[in-house]
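Index from 1, following the sequence. The structure displayed is predicted, hence computed values, not measured ones.
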Amino acid sequence: MAEGVSGSNRLSFAKPALQHFAKRSCRCGYVRSFSAHANPSHAVRRYAVLGAGFAGLSVAWHLLQHTNAKAPVCVDLFDEEGIGAGASGVSGGLLHPFSPKGRLLWKGAEGWSAAVQLFSVAERAIALDSSITDLTNTQLPIAEPLVWRRGIIRPAFTDNEIQEYKQNMMKHSGIPVELTTISGAQAKMLVPGLTVMANDVVFFMPQAVNINPRRYLQALWHACQTYARDASARGCAETKVVLIREHVQCLSGLPGDYDGVVVCLGAKVNLLPELAGKLPLSSCRGIVANLHLPLESGEELREDMPSILSNTWLAIQGTRRLVLGATRVRGSTELSSVISQNEASRALEELISKTAMIYPPILTWKVTSLSAGVRAIPPRTNVGALPLVGCIDEIVENYLRRNSCAEKNRPHFWLFGGLGSRGLIYHAWLGKKIAEAVVSKDEAILPQELKQWKYRTSVV
Ligand SMILES: Cc1cc2nc3c(=O)[nH]c(=O)nc-3n(C[C@H](O)[C@H](O)[C@H](O)COP(=O)(O)OP(=O)(O)OC[C@H]3O[C@@H](n4cnc5c(N)ncnc54)[C@H](O)[C@@H]3O)c2cc1C
């Protein structure tokens with residue numbers, strides 16, 4: 001199924017003049033018909049972005065920003081399940097630029113600013129289009145924000161932790177998000193019912209945000225579509241963005257004459273035959289629970305109640321709804337979003353019992369649903385666990401050579417993966433950099449630190 005807009009006509013993807021069906025096959029047996037955009041001008045630049053999570057949507061948006069009348073950009077966004085169906089849609093949506101020990105993350109300030117800018121793009125897209133009534137089936141009243149700017153608190157557990165945090169905090173001058181301490185009494189004012197653990201100290205990030213991830217991604221997708229349509233009015237008639245709901249079985253069987261293909265498949269990236277066993281990624285499965293506060297309770301959260309980070313996290317959405325997460329099963333090979341009865345009961349028991357230690361009122365909340373997602377965890381480096389990016393032509397070519405696939409002109413292949421637990425802080429900043437690298441075919445644009453994995457991985 002394909003949903004898309006062109007500059008001149010939302011349905012132009014289906015116009016006979018633009019339909020171009022063909023069949024391709026490759027050694028791994030991937031054969032499908034495809035509808036590629038007709039390519040009336042040699043200057044049109046065509047890109048495939050695989051995966052519609054934080055990574056893929058950010059890359060799609062930033063690729064579109066490179067369109068111009070002389071060289072319009074067309075983006076095909078592939079996802080087997082639609083927008084935000086992977087880890088991104090399940091995530092807690094919490095964003096701040098600090099490590100669990102209170103250190104500023106590598107490029108945390110840059111990541112923060114870029115993410116906040118991209119949130120504004122999504123917010124504007126919703127605000128400008130009054131025709132949007134329900135973006136996500138999340139049953140959120142449309143007037144509710146997709147980004148909540150209410151801060152995050154993190155109660156301290158031990159005196160050592162407090163010392164370590166305080167030392168790290170001294171290095172943070174001049175960054176856009178404050179990390180400060182407040183007293184237990186102040187914290188209890190913000191979060192009535194909170195248990196204060198150690199030494200009456202609570203860490204507070206007043207500018208930190210939490211988002212509704214599915215709704216954010218839907219809004220960003222809407223922004224991409226609107227941008228493509230408006231580009232047409234500005235004279236870039238061939239600018240297009242299309243969502244193709246299909247399973248991508250292998251890179252070499254992708255249809256269409258793309259200039260570049262960006263792989264943003266999250267934890268499922270290792271299932272591509274060309275990349276299987278080539279990327280230093282492990283997986284971590286997590287369950288989150290959506291809860292609401294029943295009207296009968298007569299209670300309501302404060303409008304400005306911050307989210308809470310502790311052994312579990314509570315991402316507060318509105319005055320009667322929160323997301324509680326997350327369990328962590330490292331090395332899990334279960335990639336499906338289906339949750340068994342057993343898994344559900346174990347997860348709920350763990351989440352509620354841990355949360356009740358820090359926030360006892362959770363016991364009066366009702367669970368409405370559970371969701372599962374899998375993070376793609378990158379290896380630790382001396383500056384933390386960093387995403388994996390880079391051009392992967394060599395890896396793909398080596399695979400194809402080994403499997404005696406026919407030589408032919410292929411697009412350049414790029415990877416944007418291994419976002420681990422840091423999807424939000426890195427998606428916008430890196431999505432922009434990757435789009436620049438893809439358009440200019442220049443890998444040097446990408447930070448050296450994030451390409452190190454290529455030199456440690458055997459690509460033979
Ligand atoms: C429980 C949980 C809570 C989290 N909480 C937070 C948080 O609060 N803050 C934060 O910053 N990060 C959080 N994270 C991490 C964050 O969700 C990830 O870093 C981020 O979602 C990764 O984005 P992605 O686009 O790389 O992958 P995904 O979001 O997984 O996107 C990959 C997409 O590719 C599609 N796909 C995969 N294979 C194929 C194929 N073969 N063909 C077609 N389509 C395919 C999938 O359907 C999916 O939509 C959390 C993660 C989990 C699991």
- Message: Under the criterion side chain to side chain contact (heavy atoms under 4.5 Å, CB included), I'd like the reasoning laid out for Tyr426 against Leu419: C-alpha separation, chi angles, the key distance, then a yes or no.
- Response: CA-CA 7 Å; Tyr426 288 128; Leu419 282 164; 3.8 Å; yes
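- Here the side chain of His62 pairs a donor or acceptor atom with the backbone of Ser58 at under 3.5 angstrom.
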- Please walk me through it: do Glu161 and Arg154 pass salt bridge (charged side-chain N to carboxylate O under 4.0 Å, His left out)? CA-CA 11 Å; Glu161 189 186 38; Arg154 188 187 181 295; 3.0 Å; yes
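- With sequence neighbours excluded, the residues that form a side chain to side chain contact (heavy atoms under 4.5 Å, CB included) with Thr355 are Thr312, Leu314, Leu324, Tyr359, Ile362.
- For residues 370-390, the side chain to side chain donor-acceptor pair (under 3.5 Å) pairs, not counting sequence neighbours, are Arg375-Ser421.
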- Task: Check the pair Leu77, Ile244 against side chain to side chain contact (heavy atoms under 4.5 Å, CB included), reporting the backbone distance first and the verdict last.
- Result: CA-CA 6 Å; Leu77 179 61; Ile244 302 176; over 6 Å; no
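- Residue Pro155 forms a side chain to side chain contact (heavy atoms under 4.5 Å, CB included) with just one option from Val191, Leu309, Ile308, and that option is Ile308.
- Residues passing the side chain to side chain contact (heavy atoms under 4.5 Å, CB included) test with Thr327 are Ile287, Ala347, Glu350, Leu351, sequence neighbours excluded.
- Listed by chain and number, the residues in a ring-ring contact (aromatic ring centres under 6.0 Å, His included) with Phe413 amount to none (sequence neighbours excluded).
- With contacts defined as side-chain heavy-atom distances shorter than 4.5 Å, the pair Val75/Val242 does not qualify.
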- Query: When you look at Ile153 and Leu194, which way does the side chain to side chain contact (heavy atoms under 4.5 Å, CB included) test go after all the steps?
  - Reply: CA-CA 10 Å; Ile153 58 161; Leu194 183 78; 3.7 Å; yes
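- Shortest non-hydrogen contact noted between Ile162 and Phe203 is CA-CZ, 3.9 Å.
- A donor-acceptor pair is defined here as one N or O able to donate and one able to accept, closer than 3.5 Å; no such pair exists between the side chain of Ser332 and the backbone of Val329.
- By the 30° and 60° cut-offs, the orientation of the rings of Phe98 relative to His96 is parallel.
- Counting heavy atoms from C-beta outward, Arg245 and Glu81 have side chains that stay 4.5 Å or more apart.
- The only option from Lys451, Glu443, Lys441 that meets the side chain to side chain contact (heavy atoms under 4.5 Å, CB included) definition with Cys391 turns out to be Glu443.
- To the nearest 0.5 Å, the span separating OH on Tyr227 from CG on Leu220 amounts to 13.0 Å.
- A distance-only check finds a donor-acceptor pair linking the side chain of Ser440 to the backbone of Glu436 [under 3.5 Å].
- Between Leu446 and Trp414 the shortest side-chain heavy-atom distance falls below 4.5 Å.
- For the ring pair (Phe, Tyr, Trp, His ring centres under 6.0 Å) with Phe119, the lone residue among Trp148, Tyr216, Trp61 that qualifies is Tyr216.
- Between Leu94 and Trp313, some side-chain heavy-atom pair lies under the 4.5 Å cut-off.
- In this structure, the separation between CG on Asn270 and OG1 on Thr333 is 12.5 Å, given to the nearest 0.5 Å.
- Put simply, the side chain of Leu415 reaches to within 4.5 Å of the side chain of Leu279, judged on heavy atoms.
- Remark: Lys354 does not engage Glu349 in a salt bridge, criterion side-chain N to carboxylate O under 4.0 Å.
- Atoms CG and CG, on Leu293 and Leu301 in that order, are 6.0 Å from each other to the nearest 0.5 Å.
- Summarising the geometry, atom CG belonging to Leu95 is positioned 7.5 Å from atom CD1 belonging to Ile152; distances are rounded to the nearest 0.5 Å.
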- Task: Determine, step by step, whether Arg46 and Asp76 satisfy the salt bridge (charged side-chain N to carboxylate O under 4.0 Å, His left out) criterion, reporting the C-alpha distance in whole Å, the side-chain angles of both residues, the deciding distance to 0.1 Å, and the verdict.
- Result: CA-CA 8 Å; Arg46 303 195 59 240; Asp76 286 348; 3.2 Å; yes
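- For His427 (side chain) and Leu424 (main-chain N/O), a donor-acceptor pair under 3.5 Å exists by modelled atom type.
- Across Val121 and Ala223, no two heavy atoms sit closer than the pair CG1-CB, 3.7 Å.
- For Arg150 and Glu303, the salt-bridge test fails: no basic side-chain N is under 4.0 Å from an acidic carboxylate O.
- The shortest distance between side-chain heavy atoms of Leu322 and Trp365 falls below 4.5 Å.
- Counting only distance, with no hydrogens or angles, the side chain of Thr67 and the backbone of Thr239 share no donor-acceptor pair below 3.5 Å.
- The minimum heavy-atom distance between Cys224 and Val241, with the atom names listed, is O-CG1, 3.7 Å.
- Judged by distance alone, the side chain of Glu334 and the main-chain N or O of Ser336 form a donor-acceptor pair under 3.5 Å.
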- Task: Go through the steps to decide whether Ser252 and Glu274 satisfy the test side chain to side chain donor-acceptor pair (under 3.5 Å), and finish with yes or no.
- Result: CA-CA 8 Å; Ser252 34; Glu274 293 90 344; 2.7 Å; yes
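- Among all heavy-atom pairs drawn from Gly102 and Asn168, the shortest one is O-CB, 3.5 Å.
- Contact check for Phe78 versus Val49: no side-chain heavy atoms found under the 4.5 Å cut-off.
- Of all heavy-atom pairs spanning Gly84 and Leu217, the tightest one is CA-CD1, 3.6 Å.
- With rounding to the nearest 0.5 Å, the separation of NZ in Lys454 from NZ in Lys278 is 14.0 Å.
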- Using the side chain to side chain contact (heavy atoms under 4.5 Å, CB included) rule, take Leu272 and Leu265 through it: C-alpha gap first, then chi angles, then the decisive distance, then the call. CA-CA 9 Å; Leu272 291 177; Leu265 296 178; 3.7 Å; yes
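- Side chain of Ser345 to main chain of Gln341: a donor-acceptor pair is present (N/O by atom type, distance under 3.5 Å, no hydrogens or angles).
- Under the 3.5 Å distance criterion, the side-chain polar atoms of Arg410 are left unmatched by any main-chain donor or acceptor of Asp393.
- Between the side chains of Ser369 and Asn290, a donor-acceptor pair is found at a separation under 3.5 Å.
- Contacts of Leu271 classified as side chain to side chain contact (heavy atoms under 4.5 Å, CB included), with partners at least two apart in sequence or in another chain: Lys268, Leu335.
- Within the 4.5 Å cutoff, the side chain of Val367 has heavy atoms near those of the Leu348 side chain.
- Between the side chain of Asn210 and the backbone N or O of Ile316 there is at least one donor-acceptor pair closer than 3.5 Å.
- In this structure, Lys432 NZ and Leu63 CG are separated by 13.0 Å, a value rounded to the nearest 0.5 Å.
- In this structure, Cys264 and Val59 approach most closely via the heavy-atom pair SG-CG2, 4.2 Å.
- Judged purely by atom type and a 3.5 angstrom limit, Ser88 uses its side chain to pair as donor or acceptor with the backbone of Phe54.
- Applying the side chain to side chain donor-acceptor pair (under 3.5 Å) definition to pairs two or more places apart or across chains, those involving residues 97-125 are Glu123-Arg149.
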